[in-house]
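Please read the structure below before turning to the comments.
Only a predicted model underlies this, so the values are computations on that prediction, with no experimental measurement involved.
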Amino acid sequence: MSLIEPLVAAAPLAVGWTTHGLLFRRRLAAARHCPLTQLLTREGWEKAAIRRILRGGAAVAVIDLDDFKAVNDTFGHAAGDAVLKATGHRLHLWAGASDGTAGRLGGDEFALVMTADNFEDGIEQLHELLTAPIDWQGVQLQVGASIGAVPTDGLTLSEALGHADQAMYQAKGSGGRRQHRRHQDTTQDSQEVGR
């Protein structure tokens, strides 16, 4: 018996396992991306965000769409899906231009990790981009965006998200807009609230 016979016999098994491995990797990659927006889902985004934060000079933003439910209620879920798709596309383009990564956390909530250089000006531009009307079947759909952003400055991702979330809810409470603050500001506010 030559060495070739066992290799020929094992070839179908090797091809099968290789194919299985490729399909598994594709399914795993698909599971880490939102099928509607094509953005990373929470798990995939968090991994990318941690890598970006470890490089230094990063900021984190949390975005919540304002009046999204009204679009869904008035025009239906297809219109809501169009808003989410457009938001995902806009965030992806903006993140790419700011050395960042966008993700969909769920529902109409999104997150960004980006360079901290001039992030305050960048957040203003992002707000304008996200609130631009979306053309859907001849109708101009309009949603707002509440954005909370903070530089990571030695924070863990969880801490940065917590501070960005606080800033986002403060923006939402003041009629929706954007808040960009240093994390010391949000820590001080939390301490003052506790007094």
Practice problem: Over all heavy atoms of both residues, which pair between V83 and I134 is shortest? Give the atoms and the distance, please. | Solution: CA-CD1, 3.9 Å
Quiz item: Is it true that L36 and W94 fall in one hydrophobic cluster, defined by side-chain heavy atoms closer than 4.5 Å?
Solution: yes
Quiz item: Closest heavy-atom contact between H33 and Q38?
Solution: CD2-O, 3.4 Å
Quiz item: Taking only residues two or more places apart in sequence or in another chain, which ones pass side-chain contact (heavy atoms from CB on, under 4.5 Å) with E43?
Solution: R32, K47
Self-check item: R55 vs D99, salt bridge (Lys or Arg N to Asp or Glu O under 4.0 Å): CA-CA, chis, key distance, verdict
Solution: CA-CA 11 Å; R55 286 181 20 220; D99 187 26; 2.7 Å; yes
Practice problem: Could you tell me the separation between the CD atom of E128 and the CD atom of Q125, rounded to the nearest 0.5 Å? | Solution: 7.0 Å
Quiz item: Any donor-acceptor pair under 3.5 Å linking the side chain of E159 with the backbone of T156?
Solution: yes
Self-check item: Any side-chain heavy-atom pair of D67 and V71 under 4.5 Å
Solution: no
Practice problem: Quick one: closest heavy-atom pair of A164 and V62, and the distance? | Solution: CB-CG2, 3.7 Å
Quiz item: If you take all heavy atoms of T101 and A48, which pair is closest and at what distance?
Solution: CG2-CB, 4.0 Å
Quiz item: Does anything in residues 69-93 pair up under side chain to side chain donor-acceptor pair (under 3.5 Å), and if so which pairs, sequence neighbours excluded?
Solution: K69-D73
Self-check item: Residue list, side-chain contact (heavy atoms from CB on, under 4.5 Å) with A58, at least two apart or on another chain
Solution: R52, I53, V113, T152
Quiz prompt | side chain to side chain contact (heavy atoms under 4.5 Å, CB included) assessment of L112 paired with I147 | solution = CA-CA 10 Å; L112 282 169; I147 304 172; over 6 Å; no
Quiz item: Mind checking whether Q170 and D165 have side chains closer than 4.5 Å, heavy atoms only?
Solution: no
Exercise. Grab the two heavy atoms, one from G88 and one from T37, that are nearest each other, plus how far apart they are.
Key: CA-CB, 4.1 Å
Self-check item: same_hphob_cluster(I123, L93) at 4.5 Å side-chain heavy-atom cutoff
Solution: no
Quiz item: Is there a donor in the side chain of S146 and an acceptor in the side chain of D64, or the other way round, less than 3.5 Å apart?
Solution: no
Exercise. Under the side chain to side chain contact (heavy atoms under 4.5 Å, CB included) rule, what do H163 and V60 come out as? Steps first, then yes or no, please.
Key: CA-CA 9 Å; H163 293 303; V60 169; over 6 Å; no
Quiz prompt | Residues in salt bridge (Lys or Arg N to Asp or Glu O under 4.0 Å) contact with D108, at least two apart in sequence or another chain | solution = none
Practice problem: Please tell me if the side chains of E109 and M168 come closer than 4.5 Å, counting only heavy atoms from C-beta onward. | Solution: yes
Quiz item: Which atoms form the tightest heavy-atom contact between L40 and W45, and what is the distance?
Solution: CB-N, 3.7 Å
Practice problem: Using the side chain to side chain contact (heavy atoms under 4.5 Å, CB included) rule, take L130 and F110 through it: C-alpha gap first, then chi angles, then the decisive distance, then the call. | Solution: CA-CA 11 Å; L130 293 177; F110 299 86; over 6 Å; no
Quiz prompt | With sequence neighbours excluded, residues passing salt bridge (Lys or Arg N to Asp or Glu O under 4.0 Å) with E46 | solution = R42
Donor-acceptor list for residues 136-143 side chains, cut-off 3.5 Å, not counting sequence neighbours:
{"unit_1": "Q140", "atom_1": "NE2", "unit_2": "D135", "atom_2": "OD1", "d": "3.0"}
{"unit_1": "Q142", "atom_1": "NE2", "unit_2": "T131", "atom_2": "O", "d": "2.3"}

Exercise. Let me see the working for K172 and D66 under side chain to side chain contact (heavy atoms under 4.5 Å, CB included), right down to the final yes or no.
Key: CA-CA 8 Å; K172 191 172 279 296; D66 301 327; 2.3 Å; yes
Quiz prompt | Value rounded to 0.5 Å, distance of CG in L126 from OG in S98 | solution = 8.0 Å
